[in-house]
There are 2 protein chains.
Amino acid sequence: MDLPEGVTPAGTRGRILHAALKLFAEYGFFGASIRDIAREVGINSATLYAHYPAKEHILAELIQLGHEELRQRMREAAADAGPDPADQLAALVRAQVLVHTDYPLLALVANHELHAISPDRAAPALALREEARQLLLTALDRGVAQGAFDVPDVGLAGIAIGSLGLRVANWFGPDQPYTRDQVADAYVGFALRLAGSPLPRG
Amino acid sequence: MDLPEGVTPAGTRGRILHAALKLFAEYGFFGASIRDIAREVGINSATLYAHYPAKEHILAELIQLGHEELRQRMREAAADAGPDPADQLAALVRAQVLVHTDYPLLALVANHELHAISPDRAAPALALREEARQLLLTALDRGVAQGAFDVPDVGLAGIAIGSLGLRVANWFGPDQPYTRDQVADAYVGFALRLAGSPLPRG
DNA sequence: GTCTATAAAATGATAGAC
DNA sequence: GTCTATCATTTTATAGAC
């Protein structure tokens with residue numbers, strides 16, 4: 001499915017989330033109307049308001065779900081990997097890539113439609129994003145300090161590595177030949193090379 | 001300015017383009033109304049229709065402008081660089097990064113709002129994008145064939161390198177400490193490393 | 001080219017019956 | 001929880017005067 005299991009609401013509320021996710025990903029928040037979402041679910045548009053007080057709340061829940069999934073996977077990756085900076089970086093990149101291969105629509109909406117909700121409602125998601133960003137930067141900093149990495153600028157390297165994984169949501173899908181694990185393996189290698197890790201050859 | 005000089009229309013038509021670019025970048029095509037654009041320009045909304053037959057045509061012109069600028073710079077970069085694959089790759093990445101640092105709003109709109117125009121109107125821009133993509137892939141292929149590059153998969157390497165530059169439009173701006181040339185230099189190094197070029201150290 | 005005025009449709013949201 | 005019906009606004013776009 002398009003949304004993580006377990007954390008996604010059941011029943012009509014869950015079906016609304018799935019429908020809104022599909023439409024927001026394709027047309028954007030303002031490009032998909034309340035009536036479009038209701039039609040996709042197969043209910044009347046008025047029924048939506050028995051589940052969400054406003055259209056914006058549907059988007060806000062999707063954005064929150066997406067960022068929570070990213071944060072959780074990045075946290076677990078960092079915790080499960082050993083202390084070696086290269087292992088940390090590899091685990092974090094793999095986790096980031098796999099979130100984006102597993103939930104590309106959710107990642108697109110979470111990253112792209114943040115401007116459509118109020119700053120109050122965006123703040124919790126931004127905090128989760130910042131936490132994930134810090135995990136990556138910490139691994140890079142530690143690697144540079146230990147001499148395991150060699151980068152011209154840690155900040156730019158962090159941005160660059162983060163950009164790689166983020167963008168996966170834009171092109172990964174059934175129309176391309178790579179499996180999720182092929183992409184993850186390749187991108188881990190790219191990230192280690194980008195960080196100047198002496199080990200990997202292609 | 002936010003749009004390339006020379007190719008951008010003069011007079012009211014140009015001011016409409018600038019206003020629409022700003023608003024589409026911030027709120028998306030459907031999130032910015034005809035009246036919003038007119039207010040930004042300082043004219044009545046009806047006056048817009050003396051310059052464009054529909055809202056969609058404004059976006060289509062922005063998308064076309066953005067892709068033409070990318071294609072032109074990538075072409076020139078490939079032509080001006082020597083035949084060496086590493087030089088080619090370096091020149092192409094530099095060109096791609098600098099397009100995105102120089103016109104971040106245009107790049108955001110051109111890449112992000114493509115879904116909001118009809119396939120007919122999107123096709124020319126997609127052709128330009130494909131041309132730029134082929135320049136990158138050709139450099140990678142030639143480098144691999146000559147042994148100058150070493151990648152696990154040329155397609156994934158091309159996607160990854162392209163992703164790096166594309167994403168620059170999302171974060172580059174006055175609120176961050178890097179100059180356009182610092183970013184370009186760093187990203188050229190990242191791309192060469194990612195491609196497995198034996199030369200660069202950080 | 002620019003304006004005022006307005007048409008025709010779509011939008012987010014609510015009221016109230018079942 | 002779901003529906004029918006509807007409200008109040010906003011939307012894209014046009015008509016016609018200047």
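Reminder, nothing fancy here: chain letters follow the sequence lines and each chain counts from 1. Please read these numbers as outputs of a predicted model, since none were measured by experiment.
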Just list the side-chain donor-acceptor pairs under 3.5 Å for residues 120-131 of chain A, sequence neighbours left out, or say none.
from: A:Arg121; atom 1: NE; to: A:Glu56; atom 2: OE2; distance (Å): 3.0
from: A:Arg121; atom 1: NH2; to: A:Glu56; atom 2: OE2; distance (Å): 3.2
from: A:Arg129; atom 1: NE; to: A:His67; atom 2: NE2; distance (Å): 3.2
from: A:Arg129; atom 1: NH2; to: A:His67; atom 2: NE2; distance (Å): 3.2
from: A:Arg129; atom 1: NH2; to: A:Asn111; atom 2: OD1; distance (Å): 3.1
from: A:Glu130; atom 1: OE1; to: A:Arg133; atom 2: NE; distance (Å): 3.0
from: A:Glu130; atom 1: OE2; to: A:Arg133; atom 2: NH2; distance (Å): 3.3
from: A:Glu130; atom 1: OE2; to: A:Gln134; atom 2: NE2; distance (Å): 2.9
from: A:Glu131; atom 1: OE1; to: A:Arg71; atom 2: NH1; distance (Å): 2.9
from: A:Glu131; atom 1: OE2; to: A:Arg71; atom 2: NH1; distance (Å): 3.3
from: A:Glu131; atom 1: OE2; to: A:Arg75; atom 2: NE; distance (Å): 2.8
from: A:Glu131; atom 1: OE2; to: A:Arg75; atom 2: NH2; distance (Å): 3.2

What pairs meet the salt bridge (charged side-chain N to carboxylate O under 4.0 Å, His left out) rule with one or both residues in [range], with sequence neighbours excluded?
range	value
residues 156-185 of chain A	A:Arg94-A:Asp185, A:Asp102-A:Arg180
residues 3-17 of chain B	B:Arg13-B:Glu61
residues 24-43 of chain A	A:Lys22-A:Glu40, A:Asp36-A:Arg39

Notebook entry, point to check: Any side-chain N or O of A:Thr12 under 4.0 Å from OP1/OP2 of D:dG1?
Noted result: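 For D:dG1, neither OP1 nor OP2 has a side-chain N or O of A:Thr12 closer than 4.0 Å.
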
Note to self: Check this one for me: any side-chain N or O of B:Thr47 less than 4.0 Å away from OP1 or OP2 of C:dG1?
What the structure shows: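 The answer is no; no side-chain N or O of B:Thr47 sits under 4.0 Å from OP1 or OP2.
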
How close or far is atom [atom2] of [N] from atom [atom1] of [X], stated in whole angstroms?
X	N	atom1	atom2	answer
B:Arg15	C:dG1	CZ	C1'	12 Å
B:Leu48	C:dG1	CG	C1'	12 Å
B:Ile37	D:dA13	CD1	P	10 Å

Checklist line | Shortest non-hydrogen separation from B:Ala95 to B:Ala77 and the atoms involved | finding: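 Of all heavy-atom pairs spanning B:Ala95 and B:Ala77, the closest is CB-CB, 3.7 Å.
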
Check: Is there any ring pair (Phe, Tyr, Trp, His ring centres under 6.0 Å) pair reaching into residues 9-48 of chain B, and which pairs are they, with sequence neighbours excluded?
Finding: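 Of all non-adjacent pairs touching residues 9-48 of chain B, those that pass ring pair (Phe, Tyr, Trp, His ring centres under 6.0 Å) are B:Phe24-B:Phe29.
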
Item checked: Sugar-phosphate or base contact per nucleotide [nucleotides 11-18 of chain C; S, B, -; heavy atom under 4.0 Å] -> BBBBB---

Check: Which is true for B:Ile43 with a 4.0 Å heavy-atom rule: it touches a base, it touches only sugar-phosphate, or it touches nothing?
Finding: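 If one applies the 4.0 Å heavy-atom cut-off, B:Ile43 turns out to touch the sugar-phosphate alone, with no base involved.
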
